[in-house]
Every structure is written in structure tokens, then in C-alpha cells.
Amino acid sequence: MKKYFQLGDVFYYFVRVFKKRDPNDPTSFNLRMMHGINRISIVMFLFCLIVMIVRAFTR
């Protein structure tokens, strides 16, 4: 049961997506676009989460 609630891989993905790319890693256009879209969605999610928290405390 404890295995299902481990969030280490999730947080590692956030760090991996936002860190600077290693120039020695192979890259492709599709992979760069996928990571770009993931960055946008993570930022939008965090922004909306902050807005929801602020609204909950101000009402």
C-alpha cells in the first residue's frame, strides 16, 4: 500500500522537465515539443491551484 503513495517519481519528473538540457543527450523535435507542452500544463496547473486556494481563503 505504501508503494502507491510514493510521489518521488512525480517530483523527479518536475525537476527533470524544468532543468537545463544536457547538450550530449540526443534530442528530437517531437520530444522537445512534448516537454514544452508539459511545462505549459504544469505551470497552468500550479497557477490554477494557487487561484483556487486564494479563492477558498477569501470567501
Side-chain angles (χ1 to χ4, degrees):
M1 188 68 155
K2 186 178 179 182
K3 176 185 169 189
Y4 294 113
F5 293 104
Q6 291 179 345
L7 297 175
D9 293 337
V10 174
F11 292 120
Y12 177 70
Y13 181 75
F14 289 144
V15 171
R16 189 177 60 179
V17 167
F18 288 106
K19 75 176 185 177
K20 193 172 183 177
R21 189 177 69 83
D22 185 16
N24 296 328
D25 285 344
T27 184
S28 68
F29 179 76
N30 294 332
L31 186 63
R32 286 188 313 182
M33 289 298 111
M34 181 190 71
H35 285 299
I37 291 170
N38 285 346
R39 285 183 190 122
I40 292 169
S41 64
I42 290 169
V43 169
M44 286 177 58
F45 172 76
L46 293 175
F47 176 74
C48 292
L49 192 66
I50 291 169
V51 168
M52 289 173 58
I53 290 170
V54 168
R55 281 187 174 184
F57 283 121
T58 59
R59 288 187 179 193

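Here the structure is a predicted model, which means the values were calculated and not measured.
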- request: Output the rest of the hydrophobic cluster of V51: all Ile, Leu, Val, Met, Phe, Trp and Tyr residues reachable through side-chain heavy-atom contacts under 4.5 Å, sorted by chain and number.
  value: F47
query: Under the side chain to side chain contact (heavy atoms under 4.5 Å, CB included) test, which residues partner I50, sequence neighbours left out?
result: V54
Which side-chain N or O atoms in residues 35-46 pair as donor and acceptor under 3.5 Å with protein atoms at least two apart or in another chain?
| residue | atom | partner | partner atom | Å |
| --- | --- | --- | --- | --- |
| N38 | ND2 | Y13 | OH | 2.4 |
| R39 | NE | V17 | O | 2.9 |
| R39 | NH2 | V17 | O | 2.9 |
| S41 | OG | I37 | O | 3.3 |
| S41 | OG | N38 | O | 2.9 |

- prompt: If you group Ile, Leu, Val, Met, Phe, Trp and Tyr whenever their side-chain heavy atoms sit less than 4.5 Å apart, what else falls in with F29?
  reply: M33
